[in-house]
Amino acid sequence: LHPAWQDILSRCTPDALGVAQSVLIERTGPMSTGRQLVACSYAEAADMLGSLVGEVTEITATGVLAAGRLVVQHRTATGQAGEIRLAPTASDSDRWRLKVKTERVKVEVLWEAGLDGAATLRWLDDSGNHEIVHPAPAPDQQILAEFERAMKSEPHTIRWSDAIRAAELADAAWLSLERRRSVD
């Protein structure tokens, strides 16, 4: 629901900056280790990834969960690629970086203080460098607006299918780590 996230989704279209071909999501900061790293932190990032690249058909996970490091590579049926890198740190700063490569440009979104904080969106195209700073969202207002759209049967962001997809990807990532192979 972050304004920067809504902005990047609206820009990664054929008519704007182009459709995402590859996506990298990096997160550092305070996170659980072990199975919770996959079940919670990875699932949250996987939900974001799916919104940009579509339905993931294969994943390969590597890492050391006890140390809190996880890298998951994703592939879609259409050939789009995604990667999620999680690295818990002792720092209090929950830092997220999203890099998107489209047919025409490379786009980056940086949340220095977590997804609840301000975000900076940057890209370079034929007309030059662009930078937009989005303030921290007002969560109560956004959640109520989403609820209102859902009650009116209008398109809205939060859907159960997204939560289910993220949970299924988390299970597949866990299987990939256990079996040390790619999982369809």
Side-chain angles (χ1 to χ4, degrees), residues 1-9 20 22-56 58-76 80-101 107-122 133-140 142-143 146 157-183:
L1 296 179
H2 196 287
W5 182 248
Q6 299 299 324
D7 192 2
I8 190 74
L9 287 178
S22 66
V23 177
L24 171 64
I25 298 173
E26 299 173 313
R27 181 181 180 191
T28 58
M31 288 178 267
S32 299
T33 57
R35 180 78 189 233
Q36 289 291 18
L37 181 66
V38 177
C40 296
S41 300
Y42 166 75
E44 185 176 19
D47 189 32
M48 293 173 69
L49 180 74
S51 297
L52 282 168
V53 298
E55 194 65 34
V56 173
E58 180 182 278
I59 67 170
T60 304
T62 58
V64 180
L65 293 183
R69 288 186 303 278
L70 179 66
V71 176
V72 184
Q73 296 174 334
H74 306 75
R75 189 173 45 178
T76 69
Q80 293 167 298
E83 186 172 314
I84 295 174
R85 298 178 190 167
L86 304 175
T89 62
S91 167
D92 287 340
S93 177
D94 185 19
R95 187 171 192 255
W96 289 71
R97 179 185 308 267
L98 170 71
K99 293 182 178 182
V100 180
K101 182 181 177 208
V107 184
E108 179 182 86
V109 183
L110 181 62
W111 289 269
E112 288 285 352
L115 297 178
D116 294 332
T120 305
L121 171 65
R122 295 182 184 105
V133 177
H134 290 278
D140 295 345
Q142 290 191 352
I143 289 172
E146 284 289 305
T157 305
I158 301 171
R159 295 182 305 267
W160 278 110
S161 60
D162 296 331
I164 292 167
R165 180 179 61 219
E168 288 173 342
L169 287 175
D171 286 343
W174 181 256
L175 281 174
S176 178
L177 284 168
E178 280 186 329
R179 297 179 182 173
R180 298 180 189 265
R181 64 176 178 84
S182 295
V183 174

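Below, all heavy atoms of this structure are taken into account, side chains as well, without hydrogens, waters or symmetry copies. Here, residue 1 is the first one in the sequence, and each next residue gets the next number.
- The minimum heavy-atom distance linking L52 with V100 is given by the pair CD1-CG2, 3.9 Å.
- In this structure, the side chains of L24 and R97 stay at 4.5 Å or more apart for every pair of heavy atoms.
- Once rounded to the nearest 0.5 Å, the distance linking CD of Q73 with CD of E83 reads 5.0 Å.
- Residues M48 and W111 come closest through the heavy atom pair CE-CH2, 4.0 Å.
- By the side-chain contact (heavy atoms from CB on, under 4.5 Å) test, E58 pairs with R75, S182, D184, sequence neighbours left out.
- Rounding to the nearest 0.5 Å gives a distance of 10.0 Å between OH of Y42 and CG of L177.
- Atom OG of S176 and atom CG of L70 lie 9.0 Å apart (nearest 0.5 Å).
- Scanning both residues, V72 and A61, for their nearest heavy atoms gives CG2-CB, 3.9 Å.
- Although no hydrogens or angles enter the test, the distance criterion places no donor-acceptor pair under 3.5 Å between the side chain of S32 and the main chain of S41.
- Nearest heavy-atom pair, L49 versus I25, reported as atom, atom and distance to 0.1 Å: N-CD1, 3.8 Å.
- Summarising the geometry, atom OG1 belonging to T60 is positioned 13.5 Å from atom CZ belonging to R179; distances are rounded to the nearest 0.5 Å.
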Worked check of side chain to side chain contact (heavy atoms under 4.5 Å, CB included) between V183 and D171: CA-CA 10 Å; V183 174; D171 286 343; over 6 Å; no
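- Taking all atoms of both residues into account, the shortest heavy-atom contact from G114 to W96 is CA-CD1, 4.0 Å.
- When side chains are defined from C-beta on, L86 counts as touching M31, because their heavy atoms get closer than 4.5 Å.
- L37 and R69 get closest at one heavy-atom pair: CD2-N, 4.1 Å.
- Summarising the geometry, atom OG1 belonging to T33 is positioned 8.5 Å from atom CG belonging to L65; distances are rounded to the nearest 0.5 Å.
- The CG atom of L98 lies 5.5 Å from the CH2 atom of W5; values are rounded to the nearest 0.5 Å.
- Within the 4.5 Å cutoff, side-chain heavy atoms of E44 are placed close to those of R27.
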